Each structure stands twice: as C-alpha cells, then as structure tokens.
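For reference, the structure discussed in these notes is given below.
Please read all numbers here as calculations on a predicted model, not as lab measurements. Quick note: residue numbers are just sequence positions, from 1.
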Amino acid sequence: MAEDVIIALDFPDRERTMDFLTRFGEERPYVKIGMELFYAAGPGIVREIKERGHKIFLDLKLCDIPNTVKGAMRSLSSLGVDIINLHAFGAGGMMRAALEGLTLPDGTRKTKLIAVTILTSTSEDALHRELYIEKPLAETVMLYAENARAAGLDGVVCSPLEAGEVHERCGADFLTVTPGVRFSGGERGDQVRVTTPARARELGSDYIVVGRPITGAEDPVAAWRRARAEFLGGNA
C-alpha cells in the first residue's frame with residue numbers, strides 16, 4: 001500500500017538543505033538524509049530537521065562486523081529517526097545485532113530498520129562480472145529480502161520492479177522502500193532499474209525515494225506534489 005514520497009536531501013551542506021526545505025512553507029515532506037549531508041553536517045542536521053516536524057529516513061547503509069554495527073545503531077537511536085538502513089550483504093548476525101542496538105533500555109524500538117538488497121545502480125552484468133554473484137539479480141534481491149525478514153527487520157530497500165515479489169515472499173506488512181523513481185520522460189541519472197511514481201504504486205512500493213527530479217526541479221514543491229499525486233492517487 002502506497003504510504004508516501006520521500007525526498008532525498010542530497011545536498012552538500014546545511015545551508016542549501018535548509019534553504020530547500022524553507023520553500024515548502026508549512027508543509028513537512030518526508031525526507032531522506034544520506035551520507036553526503038550527514039557526513040558534512042553531522043547528527044545536528046538530523047535533529048534540526050526532526051524538530052521542524054519532518055519524518056526522516058536516515059540512509060547510511062551500515063555494513064561492518066556485528067558488534068560495530070550494534071554500537072553505531074545504539075548511537076544513532078538517540079536521533080529518533082523514523083527509518084534507518086544497513087546492507088543486507090552484512091548477513092543475519094549483523095542485522096540482528098543492529099536491531100539490538102536500536103532497541104531502547106525499556107525494550108521498545110522507535111526506529112524501523114530496513115536492509116538494502118542490491119543497489120538500483122547495479123546492473124545484472126555488474127552483479128556477475130564484478131561482484132561475482134552467480135544467481136540472477138532478481139533472485140538475489142529476493143533471497144536478501146528473505147534474510148532480512150528472518151532477522152526481524154521491518155523491510156528492505158529495493159527497486160520498484162521488485163516490490164511486488166518482495167511482498168509475496170515476505171508479507172504485505174514487510175516494507176518496500178524504493179529508489180529508482182523518475183517522472184515519465186525524465187533522465188535516469190545513475191539509476192539502472194527505474195520506473196515512474198504511478199508504476200511504482202501499481203507494483204506495490206510502500207515508499208518511493210525521489211531525489212533529483214524534485215530537488216533539481218525549477219519548482220521543487222510542484223514536483224513533490226506531482227510525485228505524491230501520481231504515487232498516492234486520491235490519497236495525496
């Protein structure tokens with residue numbers, strides 16, 4: 001079920017980020033803070049945007065030994081973001097440790113944890129020739145999603161083209177957060193597996209992540225509203 005459009009705040013500093021968000025006035029779009037902005041502005045930018053009333057997907061794609069990821073998630077849990085992610089490539093032990101790190105002393109967990117399956121910039125050829133993974137790309141995505149589900153995660157990052165089958169294998173309540181979304185006729189950029197907001201809804205995406213088609217638009221607010229209208233239909 002389509003839930004919302006997440007704007008990727010892929011800006012190099014706080015100033016440009018806040019100038020962008022100011023253009024939305026009283027509206028508070030769901031946003032993604034990735035490595036570029038987080039490394040430039042630090043956790044303070046997360047707190048500032050959260051205090052403004054935005055929901056936040058913190059896209060840091062953690063992948064390390066279980067104890068390191070557990071400690072990192074423990075540190076990040078205080079930011080109170082809505083979604084955070086890691087790489088499914090880190091395997092079950094790392095994913096379970098990450099969940100432990102996000103769990104508060106009272107046993108609750110405020111942040112949903114999702115796993116990146118295969119990056120939407122990765123082609124079938126690159127998967128086999130450079131990553132040395134022999135299984136087909138689509139099957140690899142499904143196996144990674146099933147591993148994430150078994151580890152107790154809330155969902156995955158995948159292509160909209162894979163969202164429907166992820167739900168079939170892992171359940172309707174297992175979130176699919178899908179980048180690789182462009183308006184019809186728009187530039188693909190460095191994405192390989194892409195589709196439109198309306199098609200992403202039809203395919204079963206729960207959330208779509210849209211960056212440059214919104215942030216690079218002449219009127220970002222109008223582009224965001226268009227993306228929501230196409231993705232959410234009458235619920236926008």
Would you say the side chain of [Y] lies within less than 4.5 Å of the side chain of [X], judging by non-hydrogen atoms?
{"X": "Lys110", "Y": "Leu104", "answer": "yes"}
{"X": "Met95", "Y": "Leu86", "answer": "yes"}
{"X": "Phe174", "Y": "Asp154", "answer": "no"}
{"X": "Thr196", "Y": "Phe183", "answer": "no"}
{"X": "Arg212", "Y": "Arg182", "answer": "yes"}
{"X": "Val46", "Y": "Val81", "answer": "yes"}
{"X": "Met94", "Y": "Lys70", "answer": "no"}
{"X": "Leu37", "Y": "Ile45", "answer": "yes"}

Check your understanding: Under 4.0 Å between a Lys/Arg side-chain N and an Asp/Glu carboxylate O for Arg169 and Glu165?
Key -> yes

Just wondering, are more than 12 heavy atoms of other shown residues or ligands nearer than 6.0 Å to [atom1] in [X]?
{"X": "Lys50", "atom1": "NZ", "value": "yes"}
{"X": "Glu134", "atom1": "CD", "value": "no"}
{"X": "Lys55", "atom1": "NZ", "value": "no"}
{"X": "Phe89", "atom1": "CZ", "value": "no"}

Quick one: closest heavy-atom pair of [X] and [Y], and the distance?
{"X": "Gly92", "Y": "Ala151", "answer": "O-CB, 4.3 Å"}
{"X": "Ile208", "Y": "Ala200", "answer": "CG2-CB, 3.6 Å"}
{"X": "Ser205", "Y": "Thr178", "answer": "OG-OG1, 3.0 Å"}
{"X": "Ile7", "Y": "Trp224", "answer": "CD1-CD1, 3.5 Å"}

Practice item. Take Tyr30 and Ile83 through the side-chain contact (heavy atoms from CB on, under 4.5 Å) test and state the conclusion after the steps. Key: CA-CA 11 Å; Tyr30 206 132; Ile83 301 175; 3.3 Å; yes

Review point. Do Asp125 and Ser123 have side-chain N/O donor and acceptor atoms under 3.5 Å apart?
Key: no

Exercise for review: Applying side-chain hydrogen bond (donor to acceptor under 3.5 Å, both in side chains), run through Asp173 and His167 and close with a yes or a no.
Suggested key: CA-CA 8 Å; Asp173 62 336; His167 284 306; over 6 Å; no

Check your understanding: Picking from Thr111, Val177, Asp82, what satisfies side chain to side chain contact (heavy atoms under 4.5 Å, CB included) with Phe57?
Key -> Val177

Practice item. Given side-chain contact (heavy atoms from CB on, under 4.5 Å), test Lys61 with Leu119 step by step and report yes or no. Key: CA-CA 11 Å; Lys61 299 183 179 71; Leu119 297 173; 3.8 Å; yes

Practice item. Would you please test Arg28 and Glu51 for salt bridge (charged side-chain N to carboxylate O under 4.0 Å, His left out) and show each step? Key: CA-CA 11 Å; Arg28 294 292 183 265; Glu51 287 171 2; over 6 Å; no

Side-chain ([X]) to main-chain ([Y]) donor-acceptor, under 3.5 angstrom:
{"X": "Glu124", "Y": "Leu137", "result": "yes"}
{"X": "Thr103", "Y": "Arg109", "result": "no"}
{"X": "Asn85", "Y": "Ile114", "result": "no"}

Given the rule that I, L, V, M, F, W and Y join up when any side-chain heavy atoms are under 4.5 Å apart, are [X] and [Y] in one cluster?
{"X": "Leu62", "Y": "Ile65", "answer": "no"}
{"X": "Val116", "Y": "Leu143", "answer": "no"}
{"X": "Val141", "Y": "Tyr132", "answer": "no"}
{"X": "Met35", "Y": "Val31", "answer": "yes"}

**Study point:** Test log, rule side-chain contact (heavy atoms from CB on, under 4.5 Å), inputs Leu9 and Ile49
**Key:** CA-CA 11 Å; Leu9 299 179; Ile49 292 174; 3.9 Å; yes

Practice item. Identify, with sequence neighbours excluded, every residue that meets side-chain hydrogen bond (donor to acceptor under 3.5 Å, both in side chains) alongside Arg199. Key: Glu202

